[in-house]
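Here is the structure we will look at.
We use all heavy atoms of the structure for the numbers below, so side chains are in, but hydrogens, waters and symmetry mates are not.
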Amino acid sequence: MDAGTVKIVLGAIADNNPSQIERGEPEQAVAWIKQRIWMKGHDKGREAQHSPAMESAWKAADKAVALYNAGKYDEARPFAAEALKSAFGIG
């Protein structure tokens, strides 16, 4: 999973366009975002940095995917849009 695929998956949920989503991708997108809440520095000895924006994006994406998987597509849309905005500044 990469940032581009995460954008496509969340965008497809936000636009209610499931034809762009492969099986398992929504869950992978949520996991990808969650991994980026704490990012390790590239320098030795540097502590991990917390990203409040990615934490917000993860919570929104998790909610969007749960609603989407439950068939509540219209309810999932604003959460997916919020995740896109928090994680990537899209929206």
Side-chain angles (χ1 to χ4, degrees):
M1 180 80 30
D2 59 27
T5 304
V6 172
K7 290 177 191 177
I8 290 169
V9 170
L10 292 175
I13 293 172
D15 295 338
N16 195 14
N17 187 1
S19 66
Q20 294 183 325
I21 302 172
E22 296 290 327
R23 184 180 190 109
E25 281 184 335
E27 293 79 9
Q28 291 173 8
V30 171
W32 186 91
I33 293 170
K34 185 177 181 182
Q35 289 175 339
R36 279 141 186 86
I37 293 172
W38 286 94
M39 293 297 291
K40 294 182 180 175
H42 298 288
D43 301 329
K44 263 189 168 176
R46 188 169 172 203
E47 293 188 25
Q49 300 292 312
H50 178 257
S51 174
M54 290 306 272
E55 186 167 6
S56 175
W58 167 63
K59 289 177 181 177
D62 191 46
K63 183 77 170 172
V65 169
L67 289 167
Y68 180 82
N69 287 340
K72 299 178 179 179
Y73 307 117
D74 288 335
E75 292 177 40
R77 295 176 72 185
F79 290 103
E82 181 182 334
L84 280 169
K85 185 174 181 181
S86 294
F88 303 106
I90 298 172

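Taking each heavy atom of Ala76 and Ala64 in turn, the nearest pair found is CB-O, 3.3 Å. Val9 and Ala29 make their closest contact through CG1-CB, 4.2 Å (heavy atoms, listed as atom of the first residue, atom of the second, distance). Closest heavy-atom contact between Ala81 and Ala14: N-CB, 4.0 Å.
Sorted by first and then second residue, the pairs that involve residues 12-29 and meet side chain to side chain donor-acceptor pair (under 3.5 Å), not counting sequence neighbours, are Asn17-Ser19, Glu27-Asn69.
Looking at residues two or more places apart in sequence or on another chain, you find a side-chain contact (heavy atoms from CB on, under 4.5 Å) between Ala53 and Ser51.
With contacts defined as side-chain heavy-atom distances shorter than 4.5 Å, the pair Glu82/Ser56 qualifies.
Thr5 places no side-chain N or O within 3.5 Å of a backbone atom of Met1 that could act as its donor or acceptor partner.
By the 30° and 60° cut-offs, the orientation of the rings of Tyr68 relative to Tyr73 is perpendicular.
In this structure, Ile37 CD1 and Gln35 CD are separated by 10.0 Å, a value rounded to the nearest 0.5 Å. Once rounded to the nearest 0.5 Å, the distance linking NZ of Lys34 with CE of Met54 reads 13.0 Å. With rounding to the nearest 0.5 angstrom, the CD1 atom of Ile33 is 5.0 Å from the CG atom of Leu10. Separation of atoms CD1 (Ile8) and CD1 (Ile13) is listed at 12.5 Å; rounding is to 0.5 Å.
Trp32 and Val30 fall within a single hydrophobic cluster, where Ile, Leu, Val, Met, Phe, Trp and Tyr are joined by side-chain heavy atoms under 4.5 Å apart, directly or via other members. Under a hydrophobic clustering in which Ile, Leu, Val, Met, Phe, Trp and Tyr are joined whenever their side-chain heavy atoms come within less than 4.5 Å, directly or via other members, Ile21 and Phe79 fall into different clusters.
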